[in-house]
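The structure appears below as structure tokens.
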Amino acid sequence: MSTTSTSATQVLFDAPGPRGRRRILLISIVSLLAILALIALGLWQFQRNGQLAAEKWLPYLRRDYIAFLGKGLLGTLEATAVAAVIAFPFGLVLALGRISRARALSAISAVWIEFFRGIPMLLVVYAFLLALPAYGVNLPRFWMLVVPMSLVSSASTAEVFRAGIGAVDRGQDEASSAIGLSRGQTMRYVILPQAVRLVLPSLILALVSLLKDSTLGFVVSYNELQFQGKTMVSITRFLVQTYLVVSVIYIVLNFLLTKAAGLLERRMRRRAAEGTGRSR
Amino acid sequence: MQIILDNIPLLLQGIGTTIALTVLGYAFALVLGTALAVCRVSPIPPLRWAATVYVEIFRNIPLLSLLILLAFGLPDAGVLLPYFWCGVAGLSLSGAAFVCENIRSGINTVPIGHAEAARSIGLGFFGVLRFVVLPQAFRTMVQPLVNVFIATVIGSSLCAAISVVEITYVTQQLNIASAQAVLLFLVAGALYLALSLGVAYLGRRVERAVAPGGSRPLRTADRLQGAAQA
């Protein structure tokens with residue numbers, strides 16, 4: 001991250017001279033003070049409304065509070081993991097369908113992908129929650145959350161896989177047909193292994209959006225983190241505190257996943273550069 | 001079908017609210033996101049740090065958590081906003097983080113040599129930005145910025161969870177009243193599809209318009225990132 005921000009800075013600025021450096025220092029001090037003032041203002045607003053009182057924050061160190069939210073965290077991770085296990089292979093199948101030469105297959109995949117990328121997941125969740133029971137389909141709450149998550153994610157991961165397949169060098173395709181591999185064999189032995197490797201970082205980012213989608217458990221009363229927070233608020237009345245704690249947990253989890261994706265991508269790019277002896 | 005015909009005013013109100021949420025949320029996201037991007041590429045360290053922290057927080061928080069915090073949490077801290085504006089605020093705050101990242105990576109795709117060349121012929125900071133960097137960066141930014149817009153359309157549905165009367169909320173209410181689930185959800189789905197596909201189409205037109213020499217092939221990394229964000 002530091003390298004990219006340096007390069008953006010290099011694009012736009014010359015290395016500053018002595019006067020420039022003084023000016024940068026001055027503006028830095030002023031903006032630092034402004035940022036601190038903004039934070040202080042926020043804290044003061046909270047303090048004035050009694051939201052910083054210790055008795056409203058200390059309970060979150062108690063074992064029963066932690067256990068309660070921990071159960072939600074487990075629910076969140078479980079829903080995310082199961083949805084990923086369903087959605088990712090399905091997304092790959094959709095991507096292969098989309099690029100298939102069979103017209104009908106390609107059209108069906110395209111419609112599926114556009115449909116689930118173009119509508120909000122909340123609508124799908126409501127359809128599962130409110131529509132299906134009228135037709136005698138009563139899913140457990142876990143699946144009312146996980147099936148919509150998988151449907152929506154399958155469409156976006158299909159696009160990830162398609163981009164990955166498109167990113168494999170064309171020469172690979174030509175070389176494998178030259179040694180007599182069929183289209184299916186080329187895909188299976190040559191293109192896919194490389195494509196899947198290429199999209200690994202993007203798949204980790206897809207986990208981030210799955211984790212965010214799992215908050216809709218709030219709507220179907222599946223005990224993931226956001227819903228556990230809601231339940232906790234109805235008992236303790238610590239509204240700001242609970243939802244802040246819950247949000248911070250999401251931010252930390254997603255931050256770590258985003259970082260992992262970035263790390264993996266940089267490592268793969270370095271490997272690729274070493275492997276071919278070219279630097280990109 | 002009757003339920004749709006009987007409730008056309010309500011449906012229109014829902015559509016209007018969804019569009020208002022999206023347009024306002026996206027407009028503020030663009031402004032705030034651009035300001036953040038300027039901070040992130042500026043030589044002022046505290047501004048860079050603050051913008052980085054902002055981006056990490058707001059692109060990693062689930063939109064629903066943010067909306068709930070704004071709608072139900074802020075009143076306890078003495079800030080009262082109508083639910084509609086909580087929705088707009090949530091969409092803008094989270095959209096701005098993505099806009100910032102897109103602008104920054106757009107600027108990064110411009111080769112440093114171009115900027116150096118521009119500076120060596122005597123262009124100042126704003127000259128470099130206006131005549132050399134931004135015109136090139138903008139081309140790679142169109143598609144990701146359209147993706148942020150579509151994400152805003154889709155994200156606006158979450159405002160139903162904080163009782164903003166937009167398409168999803170109206171659909172859910174009508175379903176409770178009439179139990180015409182399949183019809184209602186198909187209509188609502190079609191409305192969202194029309195909005196997102198329409199915007200995607202416009203985006204492709206704009207992209208073609210700003211790329212004079214035909215569409216420029218994107219780098220693999222950009223394409224993968226675009227697909228992941230969509």
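In what follows, every chain begins at residue 1, and chains take the letters A, B, ... in the order their sequences are listed.
Taking the side chain as every heavy atom from C-beta outward, Ser196(B) and Arg117(A) never approach each other to under 4.5 Å. Using a 4.5 Å heavy-atom cutoff, the side chains of Pro120(A) and Tyr192(B) are in contact. Considering only heavy atoms from C-beta on, Ile154(B) stays 4.5 Å or farther from Ile119(A) through its side chain. No side-chain heavy atom of Asn49(A) sits under 4.5 Å from any side-chain heavy atom of Asp76(B).
To the nearest 0.5 Å, atom OH of residue Tyr243(A) and atom CG of residue Leu66(B) are 13.5 Å apart. Between atom CD of residue Glu56(B) and atom NZ of residue Lys259(A) there is a gap of 5.0 Å, rounded to the nearest 0.5 Å. The structure places OG of Ser247(A) at 9.5 Å from CG of Leu64(B), a figure rounded to the nearest 0.5 Å. Rounded to the nearest 0.5 Å, atoms CD1 (Ile167(B)) and CG (Leu122(A)) are 12.0 Å apart. With rounding to the nearest 0.5 Å, the separation of OG in Ser28(A) from CG in Leu47(B) is 7.5 Å.
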Let me have the donor-acceptor pairs involving side chains of residues 67-75 of chain B, under 3.5 Å, with sequence neighbours excluded, atom names and distances please.
none

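With hydrogens and angles disregarded, no donor-acceptor distance shorter than 3.5 Å links the side chain of Gln172(B) to the backbone of Tyr126(A).
Of the atoms belonging to Phe161(A), not a single heavy atom falls under 4.5 Å from chain B. When heavy atoms are compared at a cutoff of 4.5 Å, Leu244(A) approaches chain B by way of both its backbone and its side chain. Looking at Gln47(A), neither its backbone nor its side chain comes within 4.5 Å of chain B, counting heavy atoms on both sides. Residue contact with chain B, scored on non-hydrogen atoms closer than 4.5 Å, is absent for Leu257(A). When heavy atoms are compared at a cutoff of 4.5 Å, Thr215(A) approaches chain B by way of both its backbone and its side chain. In this structure, the portions of Ile61(B) lying under 4.5 Å from any heavy atom of chain A include both its backbone and its side chain. Using a 4.5 Å cut-off between heavy atoms, Gln45(A) contacts chain B through both its backbone and its side chain.
Residues of residues 30-39 of chain A lying under 4.5 angstrom from chain B, judged on non-hydrogen atoms, are Ser31(A), Leu32(A), Ile35(A) by number.
In terms of non-hydrogen atom pairs under 4.5 Å with chain A, the most contact-rich of Ala181(B), Ala190(B), Gly78(B) is Gly78(B). Options Ala131(A), Ala127(A), Gly50(A) differ in how many heavy-atom pairs under 4.5 Å they form with chain B, and the most are formed by Ala127(A).
Nearest heavy-atom pair across Gly118(A) and Leu193(B) is CA-CD2, 3.8 Å. Between Ser65(B) and Gln226(A), the shortest heavy-atom distance links the atoms OG-OE1, 2.5 Å.
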### Task
Could you go through the side-chain contact (heavy atoms from CB on, under 4.5 Å) check for Arg59(B) and Asn254(A) one step at a time?
CA-CA 9 Å; Arg59(B) 78 170 170 178; Asn254(A) 286 334; over 6 Å; no
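Listed by chain and residue number, Tyr26(B) satisfy the ring pair (Phe, Tyr, Trp, His ring centres under 6.0 Å) test with Phe149(B) (two or more places apart in sequence, or in another chain). Legend: residues meeting ring pair (Phe, Tyr, Trp, His ring centres under 6.0 Å) with Phe116(A), ordered by chain and number and at least two apart, are Trp112(A).
Within 6.0 Å of CH2 in Trp57(A) there are more than 12 heavy atoms belonging to other residues, nucleotides or ligands.
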